[in-house]
Amino acid sequence: MDEQALLGLNPNADSDFRQRALAYFEQLKISPDAWQVCAEALAQRTYSDDHIKFFCFQVLEHQIKYKYSELTTVQQQLIRETLISWLQAQMLNPQPEKTFIRNKAAQVFALLFVTEYLTRWPKFFFDILSVVDLNPRGVDLYLRILMAIDSELVDRDVVHTSEEARRNTLIKDTMREQCIPNLVESWYQILQNYQYTNSEVTCQCLEVVGAYVSWIDLSLIANDRFINMLLGHMSIEVLREEACDCLFEIVNKGMDPVDKMKLVESLCQVLQSAGFFSIDQEEDVDFLARFSKLVNGMGQSLIVSWTKLIKNGDIKNAQEALQAIETKVALMLQLLIHEDDDISSNIIGFCYDYLHILKQLPVLSDQQKANVEAIMLAVMKKLTYDEEYNFENEGEDEAMFVEYRKQLKLLLDRLAQVSPELLLASVRRVFSSTLQNWQTTRFMEVEVAIRLLYMLAEALPVSHGAHFSGDVSKASALQDMMRTLVTSGVSSYQHTSVTLEFFETVVRYEKFFTVEPQHIPCVLMAFLDHRGLRHSSAKVRSRTAYLFSRFVKSLNKQMNPFIEDILNRIQDLLELSPPENGYQSLLSSDDQLFIYETAGVLIVNSEYPAERKQALMRNLLTPLMEKFKILLEKLMLAQDEERQASLADCLNHAVGFASRTSKAFSNKQTVKQCGCSEVYLDCLQTFLPALSCPLQKDILRSGVRTFLHRMIICLEEEVLPFIPSASEHMLKDCEGKDLQEFIPLINQITAKFKIQVSPFLQQMFMPLLHAIFEVLLRPAEENDQSAALEKQMLRRSYFAFLQTVTGSGMSEVIANQGAENVERVLVTVIQGAVEYPDPIAQKTCFIILSKLVELWGGKDGPVGFADFVYKHIVPACFLAPLKQTFDLADAQTVLALSECAVTLKTIHLKRGPECVQYLQQEYLPSLQVAPEIIQEFCQALQQPDAKVFKNYLKVFFQRAKP
């Protein structure tokens, strides 16, 4: 071996050596006999360096995985012998190999096993067991090999081909027949031998039993001698977690419902009499988390049995199953309420399914009602934050609690389905008693009380948030709680979690304020003062900005009396904070967007006359325009790139804020009615000069483009005079990304104004295309993924543009570009349909071709187009689907094929029998299609129902592809 290259295998080697080692590995992989050198090195223990041993196994692994069939019988025999002699050597080694080498060796054994077991090595396990016997080192490797085989055969995360899946099924069947009883016996012997002396090997063996139990005959494991041993392990501290998991796998095994019930019950009896159900005596939370998972598995297994028995009409046994389930509920509740969230979380599945059973029962017993109430109280208690929760800097523990809370929410929703009245009464009780004394109550209890009210909105669903009408008792209960919430003063509680929960709940139940509008002023004040938008916590200010905009939008009819006051109070929050004054504004620019939108909504939806609305809108937007002009001048003079970037950011925010105010308008009518067209046209004239600024082009163009999109909706044709010069600036020295973002703007204009913009489109059509082609033809590195993706996206945008032009009835825009340009455009569409393996673009190209055939394909179409149809479009409809990359199993590709069928149908529609004749006599024969298939194809094409032909075309190409 190349000793120099091997030095690079050490993780501490420098990068040159490492590169050399990688190259050497690649070289050995392709070399026909390098594996023999590695096999010999392993068998003869040539190297003591761990990384070299691992490397040798990797080379062998590659050989077995990819090139095994190329080896002669003698060479295959050599690999088997190498592995066995390596295994024998392990028995004598003074020190065991490192874990990572043992695992890699086990993987290689497993690979060889799945390759050879059914054919040349049926005695695989016998050979290995005869080497390892009960030697602890050998047993360790044997168990690792078994785990590696299990993951090769049954691991759901490994994607297998159908061929491999068939082979794996056959291996499992053969193993069940020939060797599983022997393997099970070997596990029993290992457990018996090592349970008190070698916990590591015992735990490994338990893991193997747990893995294999899912696919072997359960009676081999679920019998007295095994179960008694496992129960013994449950009392040995170092083994009990693994024993618990092993029992869980046994319980989880699919089987007959009555047998499953008996198995679970006998297991429960033994566990209970051994004292495992007295969990308050247990201090080891890691064990309890596993035990909780086991109880969850037992409970869910019984529920599955109950469901099957009910379905089969076996009422007697179903009754027994339900009885068995009920006896586990007390234990379930103890685990659910446990202070450790992992223990509680592991039992939620059983709890959820139990409630599902109760929901199906016609009437609940007193005990069952008590159970429902106990679950409810447990959920309420467990929803509570603990002291350690870090609200300012949420880390992994906090994220886990948030996830756990989501699970509890599902339980609460399920409780509401079982007994909505009970849930409502329980929440009302907790809520009222907590809010009565909120000043002296800990934050977590106040938060959870409000949180429960918030959660009721989803747990007791109604359409369109109508919680305060309909069912009188429910409506009055919610109304009482909301009244208490907004009048109790709890919005002043000094903890961010309570403050946020207050605002979330107020917005969730906005319909309350249409019933009792007298509370609106005090809630608005909470939003606007130190409790909300001026809170000391940035997190609260940010969330409140969003919630405030939702509150105002949903109650816009009730807002009229407060509009001027609100606009005055938010004045300072609308300040555009320029980069140089070092002043840290209360809200981020993203939060300010919501405040601008809110201001726009208040003005537009007010009952003021148009002049007043216009004046208010001008007051809102003029400061932005003035700041914009000053900042743009500063940007033009700025030398320092960092300063340029922060000025451009600020300019972009100004444009964004103006855009956002326009969201209050639905269309031009409302803009006109409010008398606001003029102020937005002023904004447009203020912002457009930014397009000719040579600095920070990306960010400035992006902002102005967005503003133009909004103005096309709000101002309609009043925007048109600005479009030509704006487009000209945006097409100057632009990159692929600019074009990709510019094309949707042109598409929007084309689709909206159609014939009105025809002159403009004709004029800018070729300049736009030249800009696109220039970017697409730029050379890029062969393996530059991001450049390839950018080109693919630009190509899609280009075809989308052509689709918009042709689909808006504007084909003359293309036709008037001169014969040479028209041909160039058509050729690019044919290329898009055939040459690029991108089904999204291919679909668009076929849509364009269909449209052009429909418009130009008749007898009076442009000169030469009929020729183009037969020379290019018809062949494209066959060449594209025949490509290897055209995958008919992919949904997007099937859509592309569907449009291809439409294209052929349209050609037939426009050209009639001439098209059929061309296919029959010239084109299909040139593809060597059999005469009877040609006949069949032409008949399908002539079917009046387009769907018939679409389905036929798919079958046609499925047959045609190898």
Side-chain angles (χ1 to χ4, degrees), residues 574 576 592-593 596-597 599-600 603-604 610 613-633 635-636 647-693 696-732 734 738 741-753 756-757 759-761 763-764:
L574 297 167
L576 184 70
Q592 280 180 295
L593 284 169
Y596 269 95
E597 186 178 342
I603 294 167
V604 173
K613 289 185 180 181
Q614 185 187 7
L616 287 170
M617 199 54 102
R618 207 164 261 294
N619 288 348
L620 182 64
L621 293 173
T622 304
L624 284 178
M625 292 191 262
E626 288 170 353
K627 272 272 173 57
F628 189 91
K629 288 173 188 161
I630 296 167
L631 290 170
L632 189 59
E633 280 175 24
L635 174 61
M636 293 294 215
L647 283 164
D649 254 346
C650 204
L651 285 161
N652 194 32
H653 295 325
V655 181
F657 296 158
S659 283
R660 197 61 171 258
T661 58
S662 74
K663 284 191 87 168
F665 302 107
S666 52
N667 55 30
K668 185 184 177 194
Q669 205 40 47
T670 49
V671 183
K672 267 242 159 68
Q673 284 163 352
C674 297
C676 293
S677 305
E678 204 178 293
V679 65
Y680 280 110
L681 287 169
D682 289 352
C683 284
L684 205 47
Q685 279 175 312
T686 306
F687 299 154
L688 284 175
L691 291 175
S692 48
C693 172
Q696 302 289 320
K697 287 197 306 277
D698 280 3
I699 189 164
L700 292 179
R701 284 179 179 181
S702 159
V704 175
R705 235 187 340 254
T706 307
F707 189 67
L708 276 168
H709 276 298
R710 288 290 315 148
M711 291 306 106
I712 290 166
I713 295 166
C714 293
L715 300 174
E716 299 199 340
E717 60 278 346
E718 291 182 71
V719 172
L720 291 179
F722 299 95
I723 296 292
S725 75
S727 299
E728 195 181 322
H729 284 304
M730 284 194 265
L731 279 176
K732 273 209 184 97
C734 56
D738 294 320
E741 289 172 4
F742 172 63
I743 291 170
L745 183 68
I746 298 298
N747 289 351
Q748 187 188 9
I749 294 164
T750 307
K752 191 168 182 65
F753 301 114
Q756 277 175 280
V757 290
F760 156 69
L761 275 179
Q763 188 191 335
M764 59 102 29

Minimum heavy-atom distance Thr686-Asp682, with the two atoms named = OG1-O, 2.7 Å
Sequence neighbours left out, what passes side-chain hydrogen bond (donor to acceptor under 3.5 Å, both in side chains) with Gln696? Give chain and number order.
-> none
Run the salt bridge (Lys or Arg N to Asp or Glu O under 4.0 Å) check on Lys672 and Glu716 step by step: do they pass?
-> CA-CA 11 Å; Lys672 267 242 159 68; Glu716 299 199 340; over 6 Å; no
Are the side chains of Leu574 and Leu624 in touch, meaning some heavy atoms are under 4.5 Å apart?
-> no
Leu715 and Ser677: which non-hydrogen atoms are nearest, and at how many Å?
-> CD2-CA, 3.8 Å
Are Ile746 and Phe760 side-chain neighbours, meaning at least one heavy-atom pair lies under 4.5 Å?
-> yes
Tell me, do Arg618 and Glu678 make a side-chain contact under 4.5 Å, heavy atoms counted?
-> yes
Could you pull out the closest heavy-atom pair between Cys734 and Leu731, with the gap in Å?
-> SG-O, 3.6 Å
Calculate, to the nearest 0.5 Å, the distance between atoms CG and SG belonging to Leu621 and Cys676 respectively.
-> 8.5 Å
Among Leu681, Val671, Ile712, Leu684, find the one that has a side-chain contact (heavy atoms from CB on, under 4.5 Å) with Glu718.
-> Leu681
With a 4.5 Å heavy-atom cut-off, do Leu651 and Leu635 have their side chains touching?
-> yes
Take Ile749 and Ile723, measure what side-chain contact (heavy atoms from CB on, under 4.5 Å) needs, and give me the verdict at the end.
-> CA-CA 9 Å; Ile749 294 164; Ile723 296 292; 3.5 Å; yes
Below 4.5 Å, heavy atoms only, C-beta onward: do Met730 and Leu691 meet side chain to side chain?
-> yes
How many angstroms lie between atom CD of Gln748 and atom CZ of Arg710, to the nearest 0.5 angstrom?
-> 9.5 Å
Please, which pairs that meet side-chain hydrogen bond (donor to acceptor under 3.5 Å, both in side chains) have at least one residue in residues 720-732, sequence neighbours excluded?
-> none
Contacts of Arg705 meeting salt bridge (charged side-chain N to carboxylate O under 4.0 Å, His left out) (sequence neighbours excluded), chain-then-number -> Glu741
Counting only heavy atoms not in Lys663, do more than 12 sit closer than 6.0 Å to its NZ atom?
-> no
Using atom types as modelled and distance alone, determine if a side-chain donor or acceptor of Tyr596 lies under 3.5 Å from a backbone N or O of Ala658.
-> no
Rounded to the nearest 0.5 Å, how far does CD1 of Ile743 lie from CG of Asp738?
-> 11.0 Å
Walk me through it: do Leu700 and Lys697 pass the test side-chain contact (heavy atoms from CB on, under 4.5 Å)?
-> CA-CA 5 Å; Leu700 292 179; Lys697 287 197 306 277; over 6 Å; no
Would you indicate whether Gln763, at its atom CD, is surrounded by more than 12 heavy atoms from other residues, nucleotides or ligands within a distance under 6.0 Å?
-> no
Nearest-0.5 Å distance that lies between atom CG in Asp698 and atom CG in Asn652 | 11.0 Å
Nearest heavy atoms of Leu745 and His709, plus distance in Å = CA-CE1, 3.4 Å
Any sub-3.5 Å donor-acceptor pair from Gln592's side-chain atoms to Phe657's backbone N or O?
-> no
Do you know which two heavy atoms are closest between Gly703 and Val655, and how far apart they sit?
-> O-CG1, 3.4 Å
Heavy atoms only: give me the nearest Met711-Val719 pair and the separation to one decimal.
-> O-CG2, 3.3 Å
Val704 and Arg701, any side-chain heavy atoms less than 4.5 Å apart | no
Evaluate the side-chain proximity of Met636 to Cys693: yes if any heavy-atom separation is below 4.5 Å, no if none is.
-> yes
Can you tell me how far CG of Leu576 sits from CD1 of Ile630, rounded to the nearest 0.5 angstrom?
-> 10.5 Å
Could you walk me through whether Tyr680 and Ser662 pass the side-chain contact (heavy atoms from CB on, under 4.5 Å) check?
-> CA-CA 9 Å; Tyr680 280 110; Ser662 74; 3.9 Å; yes
Interatomic distance, Thr622 atom OG1 to Met617 atom CE [nearest 0.5 angstrom] | 11.0 Å
